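Working notes, beginning with the structure itself.
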Protein chains: 2
Amino acid sequence: MDKQDDGRIGVVAALVRSTFLVNAVYAESAREHGLTSQQGQLLCVLMARPYGMGELGATLGLAKSSLTGLVDRTERHGLVRRESDPRDTRAVRVGLTPRGGRLAAEFYAETCRRVERLAAGLGPADRDVLAGLLGRVVLDNKVPVVFLEPDEGAPAAREH
Amino acid sequence: MDKQDDGRIGVVAALVRSTFLVNAVYAESAREHGLTSQQGQLLCVLMARPYGMGELGATLGLAKSSLTGLVDRTERHGLVRRESDPRDTRAVRVGLTPRGGRLAAEFYAETCRRVERLAAGLGPADRDVLAGLLGRVVLDNKVPVVFLEPDEGAPAAREH
DNA sequence: CCTGACGATTCGTGCGGCGAACTATCCCGC
DNA sequence: GCGGGATAGTTCGCCGCACGAATCGTCAGG
């Protein structure tokens with residue numbers, strides 16, 4: 001073989017395997033907060049603002065019937081709330097309850113820490129490059145905002 | 001006010017959102033092959049060689065009781081097979097059936113194509129850099145081989 | 001032998017995801 | 001106004017997924 005087993009892998013395998021890694025970290029962080037991955041994801045999306053059910057389906061890539069159940073269960077835990085939209089009687093706006101907001105912030109922060117730790121072996125410059133390249137992939141493929149920017153709402157712009 | 005569409009996002013958000021993206025692509029590819037994500041992942045792992053149940057649990061990060069069901073369902077579809085280990089009567093070796101091997105190869109190849117396409121906006125040099133950085137993250141965190149290298153599928157999965 | 005440790009399955013529970021069918025509302029054109 | 005198609009959500013039934021606890025048979029060390 002011309003290619004030695006020095007640990008270098010292709011971009012496809014790297015993407016798939018890092019996905020597996022982040023999935024596991026995300027799920028574990030959620031679990032320790034008493035959430036499932038899906039519920040955690042729902043909270044993270046709602047951190048930005050309330051969403052309608054259809055909007056949520058589009059963002060999370062779920063059928064509307066799947067969403068009813070997810071919101072039901074999360075609502076049952078007192079983390080989200082359905083409010084009726086005054087402009088459209090059919091529609092519903094799903095938003096965080098105070099408790100849901102607090103839990104979302106905790107879960108979000110802890111998950112950030114853990115994902116950050118995954119890249120601990122990379123220096124600041126490397127991280128910046130990685131963020132740039134992955135960010136371009138995310139943008140090119142129009143990935144919904146299922147995870148906010150860490151400093152969203154805070155002026156703590158950063159050197160990296 | 002949201003200044004996040006200038007294209008630059010942090011490394012954490014980039015990782016989480018690209019994970020979301022790859023998850024979706026993986027699941028869709030699996031679905032079109034009549035598989036669930038988990039079954040597809042199982043097939044991909046078994047492309048390398050047969051595994052014991054416990055070994056599979058460690059690789060996929062699942063409890064052994066979860067694995068029994070997953071292997072059951074996949075076996076019911078004729079894609080994998082349980083062989084008893086001659087060295088240890090208790091143990092079981094799970095391997096691909098011929099049909100499972102063919103389907104695994106198809107699913108694997110198609111999934112590779114689609115993931116590759118996600119990075120279509122990156123030039124060859126950028127892809128190489130991305131692969132290197134993500135590869136280091138994968139190595140540093142000892143991610144199991146849940147997805148082979150594109151060119152090491154054929155030689156390993158021969159005998160048995 | 002006996003006694004742990006080990007590999008795997010079974011069982012019960014709850015979550016997750018889907019499509020099809022349904023209800024209620026909205027809005028457009030007339 | 002008023003019909004009728006589009007739209008927003010829910011309900012229902014089905015299956016897959018994941019887990020812990022309990023169980024069974026086997027292996028190996030004393």
Side-chain angles (χ1 to χ4, degrees), chain A residues 20 23-43 45 50-95 146, chain B residues 20 23-43 45 50-95 146:
Chain A
F20 183 84
N23 272 338
V25 167
Y26 199 97
E28 188 189 344
S29 177
R31 197 168 142 292
E32 292 178 12
H33 286 84
L35 299 168
T36 62
S37 288
Q38 290 80 1
Q39 289 167 4
Q41 203 149 52
L42 177 59
L43 295 192
V45 167
Y51 276 69
M53 294 293 284
E55 214 176 352
L56 271 180
T59 302
L60 295 176
L62 296 178
K64 46 187 184 167
S65 59
S66 310
L67 232 76
T68 299
L70 178 57
V71 171
D72 278 351
R73 288 182 294 271
T74 314
E75 190 174 30
R76 206 174 298 141
H77 289 114
L79 303 176
V80 302
R81 184 178 35 191
R82 282 175 167 95
E83 312 164 4
S84 50
D85 184 338
R87 324 278 286 185
D88 186 340
T89 320
R90 301 170 297 178
V92 156
R93 279 184 5 189
V94 183
V146 288
Chain B
F20 183 83
N23 272 339
V25 167
Y26 198 96
E28 189 189 342
S29 177
R31 202 168 69 59
E32 291 177 14
H33 286 83
L35 299 167
T36 63
S37 288
Q38 290 81 0
Q39 289 167 4
Q41 202 147 52
L42 177 60
L43 294 192
V45 167
Y51 276 68
M53 294 293 284
E55 214 177 352
L56 270 181
T59 303
L60 295 176
L62 295 178
K64 44 188 184 167
S65 59
S66 311
L67 228 62
T68 300
L70 179 57
V71 172
D72 278 351
R73 289 182 293 271
T74 315
E75 190 175 31
R76 207 173 298 141
H77 289 149
L79 303 175
V80 301
R81 182 175 37 188
R82 282 176 167 95
E83 310 164 3
S84 51
D85 185 337
R87 325 278 287 184
D88 186 342
T89 321
R90 300 169 299 178
V92 157
R93 281 184 4 187
V94 184
V146 290

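Note that the structure is a prediction, hence the values are computed from the model and not measured. Each chain gets a letter, A, B and so on, in the order its sequence line appears, and its residues count up from 1.
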Could you give me the CA-CA distance, side-chain angles and deciding distance for B:Arg82 and B:Arg93, then say whether side-chain contact (heavy atoms from CB on, under 4.5 Å) is met? CA-CA 6 Å; B:Arg82 282 176 167 95; B:Arg93 281 184 4 187; over 6 Å; no
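In this structure, the side chain of A:Glu75 does not engage the main chain of A:Asp72 through any donor-acceptor pair within 3.5 Å.
Here D:dA18 presents its C1' atom at 14 Å from CD of A:Gln39, a figure rounded to the nearest Å. Atom CD in B:Glu28 sits roughly 15 Å away from atom C1' in C:dG17 (whole-Å rounding). The separation between A:Asn23 atom CG and C:dG16 atom C1' is 15 Å, rounded to whole Å. Across the protein-nucleic acid pair, A:Leu60 atom CG and C:dC15 atom P stand 18 Å apart, rounded to whole Å. Atom C1' of nucleotide D:dC17 and atom CD of B:Gln41 are separated by 13 Å, given to the nearest angstrom. When rounded to the nearest whole Å, the span between CG of B:Leu35 and C1' of D:dC15 equals 15 Å. Between B:Arg93 atom CZ and C:dA8 atom C1' there is a gap of 16 Å when expressed in whole angstrom units.
Residues of residues 75-88 of chain A that place a heavy atom closer than 4.0 Å to DNA chain C, in numerical order, are A:Asp88. Applying a 4.0 Å cut-off to non-hydrogen atoms, the residues of residues 62-72 of chain A that approach DNA chain C are A:Leu62, A:Ala63, A:Ser65, A:Ser66, A:Leu70, listed by residue number.
You'll find a donor-acceptor pair under 3.5 Å spanning the side chain of B:Arg90 and the base of C:dC6, going by distance alone.
With sequence neighbours left out, A:Thr59 forms a side-chain contact (heavy atoms from CB on, under 4.5 Å) with A:Val45, A:Tyr51, A:Pro144, A:Val146. Partners of A:Phe20 under the ring-ring contact (aromatic ring centres under 6.0 Å, His included) rule, at least two apart in sequence or in another chain, do not exist in this structure. Residues that satisfy the salt bridge (charged side-chain N to carboxylate O under 4.0 Å, His left out) test with A:Asp88, not counting sequence neighbours, are A:Arg90.
Pairs passing the side chain to side chain donor-acceptor pair (under 3.5 Å) check and including a residue from residues 23-34 of chain B, sequence neighbours excluded, read A:Asn23-B:Asn23, B:Ser29-B:Thr111, B:Glu32-B:Arg114.
Within the structure, every side-chain polar atom (N or O) of A:Gln38 is placed at least 4.0 Å from both OP1 and OP2 of C:dC15. Side-chain N/O atoms of A:Thr89 include none lying less than 4.0 angstrom from OP1 or OP2 on D:dA8.
In this structure, the side chains of A:Glu83 and A:Val92 stay at 4.5 Å or more apart for every pair of heavy atoms. The shortest distance between side-chain heavy atoms of A:Arg76 and A:Arg73 falls below 4.5 Å.
Taking both residues in full, the closest heavy atoms of A:Leu35 and A:Gly40 are given as CD1-CA, 4.0 Å, listed atom of the first, atom of the second, then distance.
In this structure, B:Ala91 and A:Arg73 both approach DNA chain C, and ranking their closest nucleotides by distance from the 5' end singles out B:Ala91.
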